[in-house]
Every structure is written in C-alpha cells, then in structure tokens.
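Have a look at the structure below before the remarks.
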There are 2 protein chains.
Amino acid sequence: MNEFSDDTLPPALSDRLGYLLGQAHLAHRRRAEVPLASLGLGVKEFGALSVLADEGPLSQQRLGKRMRVDRTTMVAVVDELERNGFVERERDPDDRRAYALRANSQGRRVLRRADEAARRADAEFLAPIPTADRRQLKNLLRRLISP
Amino acid sequence: MNEFSDDTLPPALSDRLGYLLGQAHLAHRRRAEVPLASLGLGVKEFGALSVLADEGPLSQQRLGKRMRVDRTTMVAVVDELERNGFVERERDPDDRRAYALRANSQGRRVLRRADEAARRADAEFLAPIPTADRRQLKNLLRRLISP
DNA sequence: ACTGATCGTCAGTTTTACTGATGATTACTC
DNA sequence: GAGTAATCATCAGTAAAACTGACGATCAGT
C-alpha cells in the first residue's frame with residue numbers, strides 16, 4: 001500500500017517529543033518488567049521500596065506524594081510489598097492515624113538485586129548510544145522534570 | 001517526618017532511567033493535552049492524523065501497526081477522527097475488506113494548527129535546557145527507539 | 001470450489017487509577 | 001477543656017483504556 005515497513009519510525013512523528021518520550025518509556029519498561037517481576041516486584045513497588053529504603057520511615061500518603069501516586073493507589077502497592085515481606089507497616093508514634101512504613105532487611109536485600117537488574121536493563125536499553133551520551137540523557141531528563 | 005519536601009525529585013529514583021522517562025512523558029503530556037483537546041484531538045488521534053496525512057491512504061491495521069496501537073483500539077480512534085470530519089473511510093479498491101483511510105482537507109487544516117500547538121508545548125517543556133541540548137535529546141531518543 | 005488467512009467490528013473482560021465516603025485520630029478555636 | 005475542621009488509611013463503586021476472542025466479509029492459494 002506504500003513504501004513504509006510496519007515497524008520503522010513514522011517520519012511524521014519522529015520529531016514529536018511526546019511520541020519519542022512515550023515510545024522510549026514503553027521500550028524501557030518492556031525490558032525492565034520481566035527481571036523485576038521474577039524478584040516479586042512490579043515497577044511501582046520497586047520505586048516505592050527504593051524511596052522507603054532511602055528516605056527512612058514514611059507515611060503512606062507522603063510516599064505517594066513523593067512518587068506522584070494517588071493515596072488510594074498506594075494502598076495496593078504497600079499491600080503487595082507487605083505481603084512479600086519487604087516492607088513493614090508500623091504505626092507512627094507521633095501520629096497514630098499514619099503508618100511509619102519501613103523497608104526491612106529482606107526488602108533491602110531484594111532491593112539490591114532489583115537494582116542490579118534495573119541497571120542491566122538500563123544498560124541494554126542504552127546500548128545504542130555512547131557512554132557520554134547516556135549520562136547526558138539522564139541529566140537532561142532530570143532537568144526537565146525538576147520542579 | 002523527614003527532610004524531603006513533597007515535590008522534589010526522590011534521590012533514590014533520580015538515576016533510574018525508567019522513572020525519568022516516565023515522569024518526563026507524563027509532564028509533557030500534561031502540557032500537550034489541553035491545547036490539542038481544544039482542537040478536538042486526543043493525543044492518539046493527533047498521532048494517527050499525522051501519520052495519515054504524511055503517509056497517504058492507509059488501512060486501519062497498518063496505521064495501527066505503524067503506531068503500535070492494537071487493531072481493536074484503532075477502531076475508536078478512527079471513529080473519533082471521522083466523527084470530527086478529519087478523516088474519511090473509503091474502501092480500498094484493491095482489497096475490499098480494508099479501508100483506505102485518508103486525511104481530508106479539514107483534517108489537514110486542523111493538523112497544521114495542532115502541529116503549532118504541539119510545538120509550543122514542546123518548547124515550553126524544553127525551556128529548562130539550552131537549544132543545542134533540545135536537539136540532542138530528540139536525537140538520542142530517536143536512536144534508542146529505532147528498531 | 002475449498003481451505004486458511006486477513007480486515008474491521010463488537011461484546012466482554014481485565015487493568016488501572018480515580019472519586020467519594022468511612023472511622024480513627026489529630027490540630028485548631030474559642 | 002469541648003467542639004469543629006482537617007488529615008490518615010481504607011474501601012466500594014466508577015471511569016477510562018486496552019486487550020481477548022469471536023464474528024461476517026473478503027482475499028489468496030490450491
């Protein structure tokens with residue numbers, strides 16, 4: 001019907017940032033999802049566990065705001081992390097409405113492995129561009145999303 | 001509870017490509033959605049219309065494969081484009097199962113305006129980084145998603 | 001003519017995230 | 001101090017998006 005094969009980049013979209021970001025995000029996630037799942041972590045759970053391990057005990061809503069995830073959505077995310085034994089729901093002694101979520105030692109152990117897996121996925125995904133450009137890509141993205 | 005304000009970049013995630021791409025994509029889409037919607041175009045419809053205007057008449061599935069959108073999902077996308085009078089569903093004379101989708105003149109007119117809107121959104125989104133870096137960002141993304 | 005594949009469509013399901021309400025607790029106001 | 005308003009986690013219901021599997025119509029190859 002025309003000269004374009006099915007899986008090349010449509011020229012009409014190749015200069016549109018939204019399309020480029022969307023496809024890149026999708027391609028990257030496809031790579032990262034499987035190895036993380038084999039550790040018992042979804043993408044969102046991985047992110048939540050990372051933040052918890054790094055920023056000490058956090059309430060559920062605060063963790064949610066930190067990740068831009070809705071408060072009601074965080075319930076299921078933390079449920080899953082707790083069910084797998086990675087995170088514990090203690091009560092915040094200074095505000096007994098809120099939890100003091102904390103990554104336990106098993107959570108930290110799995111997080112180290114997940115980090116490796118994520119870095120491997122990043123490396124595979126970034127393979128087409130030179131090392132210096134990889135660092136710069138991250139820098140540019142960071143600056144674009146910094147508030 | 002700790003020293004982090006709610007809307008700064010979590011350090012634990014700031015080196016994770018998946019997170020950076022996801023947040024960038026989200027932030028960009030928030031900017032682009034509103035102006036496109038005021039022209040009667042969703043993000044996906046905008047993309048489909050762009051490809052159709054650029055790559056001549058296409059069948060629905062071929063358009064779908066081109067955009068990595070499922071065949072059943074394309075039905076609604078083209079429905080919407082047709083309902084707004086931007087695209088016409090002719091039959092492909094060489095294969096009467098398939099459509100020959102074609103952007104009509106109104107579709108092309110609206111596409112020009114949508115393109116401007118999208119470029120404005122891109123520019124706003126890219127404002128935090130220098131001009132040369134903007135071009136490079138697009139180049140890097142293109143190379144990462146090229147098959 | 002016959003078989004198997006493909007095109008667009010639809011009904012139904014799954015996934016995902018949200019709104020709005022709840023009980024428990026806290027902070028504020030007087 | 002008592003009463004009111006706000007906040008925390010949760011849940012039920014809802015909305016949006018994309019998929020599965022089926023369908024009739026059409027095509028390609030035998």
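Proteins get letters first, then strands, A, B, ... in listed order; numbering begins at 1 in each.
Nucleic acid contact for A:Asp95: sugar-phosphate only, since backbone atoms but no base atoms lie under 4.0 Å from a heavy atom of the residue. Nucleic acid contact class of B:Arg91 (heavy atoms, under 4.0 Å, all strands): none.
Each of B:Lys65, B:Arg66, B:Arg102, B:Arg62 was evaluated against B:Glu55; a single residue qualifies, B:Arg66, per the salt bridge (charged side-chain N to carboxylate O under 4.0 Å, His left out) test.
Between the CD atom of A:Glu82 and the C1' atom of D:dT10 there is a distance of 13 Å, rounded to whole Å. For the pair A:Glu88 CD and D:dA9 P, the interatomic distance rounds to 17 Å; values are reported in whole Å. Distance, B:Met74 CE to C:dG8 C1': 11 Å, rounded to whole Å. D:dC8 atom P lies 13 Å from atom CG of A:Leu101, rounded to whole Å. Residue B:Asp92 contributes atom CG, which lies 17 Å from atom P of C:dT6 at whole-angstrom precision. Rounded to whole Å, atom C1' of D:dT10 lies 16 Å from atom CG of A:Leu63. Straight-line distance from the CD atom of B:Glu80 to the C1' atom of D:dA16: 14 Å, rounded to whole Å.
Distances shown here put a side-chain N or O of B:Thr73 below 4.0 Å from the OP1 or OP2 atom of D:dC19. Taking only side-chain nitrogens and oxygens, A:Gln60 never comes nearer than 4.0 Å to OP1 or OP2 of D:dA9. A:Arg97 has no side-chain polar atom (N or O) that falls below the 4.0 Å cut-off from OP1 or OP2 of D:dT7. In terms of phosphate contacts, A:Arg96 brings no side-chain nitrogen or oxygen within less than 4.0 Å of OP1 or OP2 of D:dT7.
Projected onto DNA chain C by closest heavy-atom contact, A:Pro93 and A:Asp70 fall at different nucleotides, the more 5' of which corresponds to A:Asp70. Toward the 5' end of DNA chain C, the nearer of the two residues B:Lys65 and A:Asp94, judged by each one's closest nucleotide, is B:Lys65. Across the interface with DNA chain D, nearest-nucleotide mapping of B:Arg68 and A:Arg71 shows A:Arg71 to be the residue nearer the 5′ end.
Among the nucleotides C:dC18, C:dT9, C:dG8, the one closest to any side-chain atom of B:Thr72 is C:dT9. Checking C:dG8, D:dA9, C:dT19 against every side-chain atom of B:Ser59, the shortest atom distance belongs to C:dG8.
The distance from atom CD1 of B:Ile129 to atom CD of B:Gln136, rounded to the nearest 0.5 Å, is 9.0 Å.
Distance alone, capped at 3.5 Å, is enough to place a donor-acceptor pair between the A:Asp92 side chain and the A:Asp94 backbone. In this structure a side-chain-to-backbone donor-acceptor pair under 3.5 Å is present from B:Arg91 to B:Arg97.
One finds no salt bridge joining A:Asp122 and A:Arg31 here, because no Lys/Arg side-chain nitrogen approaches an Asp/Glu carboxylate oxygen to under 4.0 Å.
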